[in-house]
Amino acid sequence: DEYLALPREVLVTVMRKHQRYFPVEDPATGKLLPYFVTVANGACDEDVVRKGNEAVLRARYADARFFYEADLKKPLVEFRAGLEGITFQ
């Protein structure tokens with residue numbers, strides 16, 4: 001629950017891109033809930049897999065929070081130099 005304070009885009013990106021989990025939303029509000037869905041191929045111990053996935057996701061969220069908070073400490077103009085070699089189409 002502590003990570004739900006991060007922007008939705010950060011949370012969903014971590015779940016979908018890095019871990020291939022599916023976020024769960026409250027259908028009434030569209031807000032993210034502290035749950036995710038994933039698929040395991042083949043037979044497995046569900047409790048072990050769930051606990052492992054939760055541990056990995058907590059670590060990924062901790063990393064995301066660190067970088068997000070670090071970015072907030074810099075003025076937006078300081079990011080400009082890093083965009084010089086990028087072409088937007």
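- By the rule that hydrophobic residues join a cluster once side-chain heavy atoms approach within less than 4.5 Å of another member, V49 and Y21 end up as members of separate clusters.
- The side chain to side chain contact (heavy atoms under 4.5 Å, CB included) check on V24 picks up L33, Y35, V37, with sequence neighbours excluded.
- Relative ring orientation between Y61 and Y3 is described as tilted, the plane-to-plane angle lying within the 30° to 60° band.
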Original post:
Could you go step by step and tell me if T38 and R20 meet the side-chain contact (heavy atoms from CB on, under 4.5 Å) rule?
Top reply: CA-CA 7 Å; T38 189; R20 296 192 178 118; over 6 Å; no
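- Side-chain contact between M15 and R60 is absent, with no heavy atoms from C-beta onward closer than 4.5 Å.
- Put simply, CZ on R58 and CD on E2 are 9.0 Å apart, with the number rounded to the nearest 0.5 Å.
- Between L32 atom CG and R8 atom CZ the span is 4.5 Å, to the nearest 0.5 Å.
- Grouping the Ile, Leu, Val, Met, Phe, Trp and Tyr side chains by contacts below 4.5 angstrom, directly or via other members, places Y68 with V14.
- Here the side chains of P23 and L11 are not in contact, with every heavy-atom distance at 4.5 Å or above.
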Give the table of side-chain donor-acceptor pairs shorter than 3.5 Å for residues 70-89, with sequence neighbours excluded, one pair per line with atom names and distance.
none

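- Between V56 and Q19, the closest side-chain pair of non-hydrogen atoms falls below 4.5 Å.
- Nearest heavy-atom pair, L6 versus V10, reported as atom, atom and distance to 0.1 Å: CD1-CG1, 4.4 Å.
- Within 6.0 Å of CZ on R16 lie no more than 12 heavy atoms contributed by other residues, nucleotides or ligands.
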